[in-house]
Amino acid sequence: MSAASERREIVIIGGGIIGCCSAYYLTRHPSYDPLRHKVTLIEATEIAGGASGKAGGLLALWAYPSNIVPLSYKLHADLAKEHNGQERWGYREVGCGQIVTRGRPLNEKKDMDGGDRGSSLSLQKRSEAALTKLKKAKFPQDLDWIEPELIRDYESMSGPGETAQVHPYLFTTSIAKLAEEKGAEVVLGSVTNIGYADDAVQSVTFSDKGSGESRTIPATDVIIAAGPWTRAVMPEAPISAMRAHSVVIRPAKPVSAYTLFTNIEIPANFDPAKPSRPTVASPEIYARPDETVYACGEGDQVVPLPKTTADVEVDEARCQDIIDQVGSVSDLLRNGQVCARQACYLPNVTAVRGGPLIGHTGTKGLYLAAGHTCWGIQNAPGTGKLISEFVFDGEAKSAKIGSLDPRNYL
């Protein structure tokens, strides 16, 4: 009897985008038979409760690692086409650039053209001098929400068709629903143990979120896709956690579709309430199709990884710093409404630069799909497809990923 025709109890640990895409592609694999194959996804708090719901959602052909990026970028386009991703999860192509700009002190009330900041008419002002400067800097004319007089330099990071985006929370929850439609079951509970017999997985035990009861279910295949929480169920995995803060702002009026990597010169005494020296800030700013703008700051390891996504602490001061920084270069963001201040943890691979680790672990039926750093949303469809191949075909077929083999590091 071939492996694909046997009775299989496939358990995925983690309801972020990696776990959800694994469930999706397992239920779409040519060998999958819902009468013989059971796919159960166990998530401790809620689907997309961590970074998968709070990430930026940038997709790029220039992301890393290069052995899975092209596959995953194409699968994103295929998924959007097949399931109306444009409407369901905001899939669209975007411009992407690197911008060097001067930030204004928080108490600077007038824009550089002398217009009144409170007037919506002045928000789109473009003096002749400013327009000439923009053309010189090869600055896209439709990127009209960064104040032109503050711009030092602009460089495009991608050509047409090389950068896109999704709304991470909508993408993750939609993919989970699509997996459920094909027979996958989502269960809320915290995994406490993976059972083994004869060096093969045998069961998974978890504490049911609703009842608190301990439940054990049989398992022939277990995929650990718990992101920064991977070591809670696989202590030897070389996965560490980094906290990242972000904010979501509804600008004073809708903005054009650009994702920006910034370099903002923060002047001395930027905030009159806090004496300070000049410095440089590098928030990433992503315009979204739902007419909001997402911005994230640098990572930190000040607070250790909590027990679950529900226990993540948000540092209000770090969020305010991001709001102040992006507002210092854009009146539309400065005058916008802050919709969310949030934090999440990203999974990094400590044993090798970059990541992720995808595939067999050396224990029969146990697979790892974790350590995707900041490119989890981008690389999730490719990872899910490869995991479905490991489970049903015994090996990766869609990409050459020997360098990502967990057995190199376990």
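Note: hydrogens, waters and symmetry copies are ignored here, and every other heavy atom, side chains too, is used. Residue numbers count from 1 along this sequence. Keep in mind it's a predicted model, so treat the numbers as computed, not measured.
A distance of 11.0 Å separates OG of Ser256 from CD of Gln141, quoted to the nearest 0.5 Å. Rounding to the nearest 0.5 Å gives a distance of 7.5 Å between CG of Leu71 and NZ of Lys385. To the nearest 0.5 Å, atom CD1 of residue Ile10 and atom CG of residue Leu41 are 12.0 Å apart. Annotation: the span from Ser328 atom OG to Asp271 atom CG amounts to 11.5 Å, rounded to 0.5 Å. With rounding to the nearest 0.5 angstrom, the CD atom of Gln325 is 10.0 Å from the CD atom of Gln320. Atoms CD and CZ, on Glu298 and Arg318 in that order, are 9.5 Å from each other to the nearest 0.5 Å.
Pairs engaging residues 70-98 under the salt bridge (Lys or Arg N to Asp or Glu O under 4.0 Å) rule: Lys74-Asp78 [sequence neighbours left out].
Remark: side-chain polar atoms of Thr172 are not paired, donor with acceptor, to backbone N or O of Gly16 under 3.5 angstrom. Checked by atom type and distance alone, the side chain of Thr101 pairs as donor or acceptor with a backbone atom of Leu150 at under 3.5 Å. Judged by distance alone, the side chain of Gln301 and the main-chain N or O of Ala241 form a donor-acceptor pair under 3.5 Å. Checking side-chain atoms of His76 against main-chain N and O of Ile377 turns up a donor-acceptor pair under 3.5 Å. Under the 3.5 Å distance criterion, the side-chain polar atoms of Ser330 are left unmatched by any main-chain donor or acceptor of Val326. In this structure a side-chain-to-backbone donor-acceptor pair under 3.5 Å is missing from Asp324 to Pro105. Looking at Thr279, its side chain never comes within 3.5 Å of a backbone N or O of Ile266 through a donor-acceptor pair. Listed for the Thr192 side chain is a donor-acceptor partner under 3.5 Å among the backbone atoms of Thr205. For the pair Thr361 (side chain) and Leu366 (backbone), a donor-acceptor distance under 3.5 Å is present. For the pair Thr27 (side chain) and Lys182 (backbone), a donor-acceptor distance under 3.5 Å is absent.
Judged as a side chain to side chain contact (heavy atoms under 4.5 Å, CB included), and not counting sequence neighbours, the contacts of Val338 are Ile249, Ile323, Arg341. With sequence neighbours left out, Thr308 forms a side chain to side chain donor-acceptor pair (under 3.5 Å) with Asp311. Under the side chain to side chain donor-acceptor pair (under 3.5 Å) criterion, Asp300 pairs with Arg243, not counting sequence neighbours. Contacts of His360 classified as side chain to side chain donor-acceptor pair (under 3.5 Å), with partners at least two apart in sequence or in another chain: none. In this view, Thr163 and Trp62, Ser158 satisfy the side chain to side chain donor-acceptor pair (under 3.5 Å) rule, not counting sequence neighbours.
No more than 12 heavy atoms of other residues, nucleotides or ligands lie within 6.0 Å of NZ in Lys177, so this atom counts as exposed by the packing criterion. Other residues, nucleotides and ligands contribute only 12 or fewer heavy atoms inside 6.0 Å of the OH atom of Tyr169. Counting heavy-atom neighbours within 6.0 Å of Glu313 CD, excluding the residue itself, gives a total of 12 or less. Within a 6.0 Å radius of CD in Glu316, more than 12 heavy atoms belonging to other residues, nucleotides or ligands are found.
When side chains are defined from C-beta on, Trp229 does not count as touching Val191, because their heavy atoms never get closer than 4.5 Å. Contact annotation: the side chain of Pro283 approaches that of Ile264 to within less than 4.5 Å [non-hydrogen atoms, C-beta and beyond]. By the 4.5 Å heavy-atom criterion applied to side chains, Tyr294 and Gln342 are counted as neighbours. At a threshold of 4.5 Å between non-hydrogen side-chain atoms, the residues Phe171 and Pro381 count as touching. Using a 4.5 Å cut-off on side-chain heavy atoms (C-beta onward), Leu260 and Leu143 make contact. In this structure, Ile42 and Ile217 have side chains that are in contact, with non-hydrogen atoms separated by less than 4.5 Å. Using a 4.5 Å heavy-atom threshold, the side chains of Glu46 and Val186 count as separate. Using a 4.5 Å heavy-atom threshold, the side chains of Thr220 and Glu6 count as separate.
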Are Trp145 and Ile285 close enough, and set up right, to give a side-chain contact (heavy atoms from CB on, under 4.5 Å), and what steps lead you there?
CA-CA 11 Å; Trp145 43 278; Ile285 312 175; 3.8 Å; yes
Check the pair Leu58 / Trp375 against side-chain contact (heavy atoms from CB on, under 4.5 Å), numbers first and verdict last.
CA-CA 8 Å; Leu58 183 66; Trp375 291 112; 3.9 Å; yes
Output, in order, the C-alpha distance, side-chain angles, deciding distance and verdict of side-chain contact (heavy atoms from CB on, under 4.5 Å) for Asp221 and Phe390.
CA-CA 10 Å; Asp221 303 88; Phe390 279 116; over 6 Å; no
With side chain to side chain donor-acceptor pair (under 3.5 Å) as the test, would you mind laying out the steps for Gln165 and Thr259 before giving the verdict?
CA-CA 9 Å; Gln165 71 182 155; Thr259 53; over 6 Å; no
Evaluate the side chain to side chain donor-acceptor pair (under 3.5 Å) criterion for residues Ser174 and His83: first the C-alpha distance (whole Å), next the side-chain angles of each, then the deciding distance (0.1 Å), finally the verdict.
CA-CA 9 Å; Ser174 296; His83 301 295; over 6 Å; no
Show the numbers, then the answer: is there a side-chain contact (heavy atoms from CB on, under 4.5 Å) between Arg104 and Asp331?
CA-CA 10 Å; Arg104 298 164 298 182; Asp331 281 343; 2.9 Å; yes
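Taking every heavy atom of both residues into account, Gly402 and Asn408 meet most closely at O-ND2, 3.3 Å. Considering all non-hydrogen atoms of both residues, Ser52 and Ile17 come closest at OG-N, 2.8 Å. Closest of all the heavy-atom pairs between Phe261 and Cys96 is CE1-SG, 3.8 Å. What you find for Ala63 and Gln378 is that their closest heavy atoms are CB-CG, 4.0 Å. Closest heavy-atom contact between Asn67 and Ser403: ND2-OG, 3.1 Å. Contact record, Gly49 with Thr309: O-CB, 3.6 Å, taken as the closest heavy-atom pair.
Under 4.0 Å is where a charged nitrogen must lie from a carboxylate oxygen, and between Asp144 and Lys253 no such pair does. Between Asp290 and Arg288, none of the side-chain N atoms (NZ, or NE/NH1/NH2) sits under 4.0 Å from a carboxylate O, so this pair counts as no salt bridge.
The one candidate from Thr230, Ile224, Ile401, Val349 that meets the side-chain contact (heavy atoms from CB on, under 4.5 Å) condition with Leu357 is Val349.
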